[in-house]
S.K.: 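Dropping a structure here in structure tokens format, bear with me for questions.
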Amino acid sequence: MHSQPRSGLLAAWGNALLAGFVSPDDAVLAVVGDDARHRVEGLPGEAGPVGLTLALGRLRALGVTGYRVALPVPGHPLGLSGPPEFNARALEAEEAVVATGAPYGLVPEITSVGPEGDRHTEVLWHCLPVREAPPADVPSLAEAERELAEALREATEAISRLDVAASGPVAAAALDAYRARAERSREVLAPGYPPRAARVLELAQRVGLLVSLAYEHGHGGAVSASEMAARGAALRPVERVARRAQVASYNAYVEERQRQGSLPRPDGPRPAAGE
């Protein structure tokens with residue numbers, strides 16, 4: 001299981017590469033991680049899929065100046081700007097990368113290949129046209145940090161009251177594994193990101209993990225239908241806030257450069273939900 005969405009890794013390390021903080025080889029190694037390989041199809045001027053190193057260079061030559069992340073789910077097109085065809089593809093994958101400076105987006109298709117016992121993951125990124133417009137429902141880092149603190153406090157109270165199974169041996173083991181990963185790699189974002197973005201992302205990932213544990217490991221004390229509904233009502237807003245905070249963190253590099261005037265802001269109306 002990836003502790004970060006692949007779109008987040010591609011955007012963060014793609015931004016670091018564009019800024020000159022890392023080499024192409026280092027950026028690609030960080031994005032691919034434990035996967036077998038990543039390729040990109042649909043690039044203008046390419047007849048078929050190409051390697052990630054070539055793809056990042058080609059996108060830069062096409063005018064890309066930065067990368068944002070989208071983490072949409074049904075009813076919440078978080079980070080998307082259209083058109084509908086791209087939004088639908090991103091919604092199916094529940095993640096995407098949206099470029100700035102040139103109208104392109106990347107959606108991952110993840111497959112597991114190989115014989116039983118020797119399976120490995122390959123990722124094919126589909127390059128598609130996107131609308132150059134403000135992304136949907138993305139908060140600032142400051143907003144995301146405030147939302148996370150409030151949501152975590154409210155959710156902790158609700159989860160304790162409902163006896164949701166976000167604690168116990170299984171949850172403790174998952175949290176220990178999360179802390180071990182954090183200890184091995186203090187750098188949760190690529191070079192060039194502000195410290196606040198890394199702090200917000202780390203908290204958002206931890207909140208997201210707690211929500212996942214609460215959903216995946218039984219119903220705790222919520223044994224009746226009404227109690228289970230109450231549990232869902234308590235967790236859904238927290239999960240939404242955590243996703244918004246992740247997107248704000250990954251997008252912080254582009255947002256900061258736009259505030260400084262070194263990147264143009266996209267024009268046009270903010271897309272409506274589901275557009």
Side-chain angles (χ1 to χ4, degrees), residues 2-16 18-19 21 31 65-73 75-82 87 90-91 93-101 105-107 130 132-155 182 186-212 235-266 270-273:
H2 265 52
S3 59
Q4 296 190 53
R6 289 175 174 86
S7 56
L9 290 169
L10 180 55
W13 288 92
N15 285 330
L18 288 170
F21 287 109
V31 174
T65 55
Y67 296 100
R68 287 190 173 98
V69 168
L71 298 177
V73 295
H76 189 204
L78 175 62
L80 296 176
S81 58
N87 286 6
L91 184 59
E94 296 190 352
E95 60 175 309
V97 175
V98 180
T100 60
L106 298 163
V107 180
V130 297
E132 294 185 277
D137 197 35
V138 178
S140 68
L141 267 179
E143 291 169 335
E145 196 167 31
R146 288 195 299 269
E147 288 178 2
L148 271 176
E150 181 178 350
L152 184 59
R153 181 174 61 253
E154 292 178 354
R186 290 287 185 180
E187 194 173 54
V188 296
L189 279 171
Y193 275 80
R196 187 178 204 174
R199 183 173 69 247
V200 171
L201 179 59
E202 196 279 335
L203 180 57
Q205 290 173 344
R206 189 172 189 279
V207 170
L209 175 62
L210 289 171
V211 171
S212 296
L235 292 176
R236 278 191 296 273
V238 187
E239 188 272 339
R240 183 185 181 105
V241 166
R243 282 190 302 107
R244 276 167 49 87
Q246 286 191 67
V247 171
S249 301
Y250 290 122
N251 294 4
Y253 171 83
V254 170
E255 298 299 332
E256 181 63 25
R257 292 194 65 191
Q258 287 181 338
R259 279 195 297 272
Q260 295 171 352
S262 54
L263 284 181
R265 286 189 175 275
R270 185 175 297 275

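Computed from a prediction, not measured in an experiment: that's the story for all the values here.
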S.K.: Are the side chain of Glu94 and the backbone N or O of Leu91 linked by a donor-acceptor pair below 3.5 Å?
M.R.: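 No, the answer is negative, given that no donor and acceptor are paired below the 3.5 Å cut-off.
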
S.K.: In chain order, what residues pass the side chain to side chain contact (heavy atoms under 4.5 Å, CB included) check against Ala245, with sequence neighbours excluded?
M.R.: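 With sequence neighbours excluded, Ala245 shows a side chain to side chain contact (heavy atoms under 4.5 Å, CB included) to Ala144, Leu148, Val200, Ala204, given in chain and number order.
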
S.K.: Is there side-chain contact between Val73 and Leu78, with heavy atoms separated by less than 4.5 Å?
M.R.: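 A side-chain contact is absent here, since even the closest heavy-atom pair is not under 4.5 Å.
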
S.K.: Checking Asn251 side chain against Val69 main chain: does a donor-acceptor pair fall under 3.5 Å?
M.R.: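 Checking the backbone N and O of Val69 against the side chain of Asn251, a donor-acceptor pair under 3.5 Å is found.
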
S.K.: Only one of Arg257, Glu256, Gln258 clears side chain to side chain donor-acceptor pair (under 3.5 Å) with Gln260; which?
M.R.: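 Among Arg257, Glu256, Gln258, the one that satisfies the side chain to side chain donor-acceptor pair (under 3.5 Å) with Gln260 is Glu256.
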
S.K.: With sequence neighbours excluded, tell me which residues meet side-chain hydrogen bond (donor to acceptor under 3.5 Å, both in side chains) with Ser7.
M.R.: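 Partners of Ser7 by the side-chain hydrogen bond (donor to acceptor under 3.5 Å, both in side chains) criterion, ordered by chain and then number, come out as Glu95.
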
S.K.: Name all residues meeting the salt bridge (charged side-chain N to carboxylate O under 4.0 Å, His left out) criterion together with Arg243; count only those two or more places apart in sequence or in a different chain, and write none if there are none.
M.R.: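 Partners of Arg243 under the salt bridge (charged side-chain N to carboxylate O under 4.0 Å, His left out) test: Glu239.
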
S.K.: Taking the side chain from Asn15 and the backbone from Tyr253, do they hold a donor-acceptor pair closer than 3.5 Å?
M.R.: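 No, Asn15 side chain to Tyr253 backbone: no donor-acceptor pair under 3.5 Å.
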
S.K.: Is the backbone N or O of Asp137 less than 3.5 Å from a side-chain atom of Arg244, with the two atoms forming a donor-acceptor pair by type?
M.R.: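 Checking the backbone N and O of Asp137 against the side chain of Arg244, a donor-acceptor pair under 3.5 Å is found.
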
S.K.: Please list, chain by chain and in numerical order, all residues satisfying side-chain hydrogen bond (donor to acceptor under 3.5 Å, both in side chains) with Glu145, sequence neighbours excluded.
M.R.: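 Glu145 satisfies side-chain hydrogen bond (donor to acceptor under 3.5 Å, both in side chains) with Arg196, Arg199 only.
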
S.K.: So, the side chain of Ser249 versus the backbone of Ala198: is there a donor-acceptor pair under 3.5 Å, distance only?
M.R.: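 No, the answer is negative, given that no donor and acceptor are paired below the 3.5 Å cut-off.
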
S.K.: Report the residues that fulfil side chain to side chain contact (heavy atoms under 4.5 Å, CB included) with Ala96, sequence neighbours left out, ordered by chain and then residue number.
M.R.: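 Once residues adjacent in sequence are excluded, the partners of Ala96 under the side chain to side chain contact (heavy atoms under 4.5 Å, CB included) criterion are Ala70, Phe86, Ala90, Val107.
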
S.K.: Would you please name every residue forming a side chain to side chain contact (heavy atoms under 4.5 Å, CB included) with Ala252, sequence neighbours left out?
M.R.: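 Ala252 satisfies side chain to side chain contact (heavy atoms under 4.5 Å, CB included) with Leu141, Tyr193, Pro194, Ala197 once adjacent residues are dropped.
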
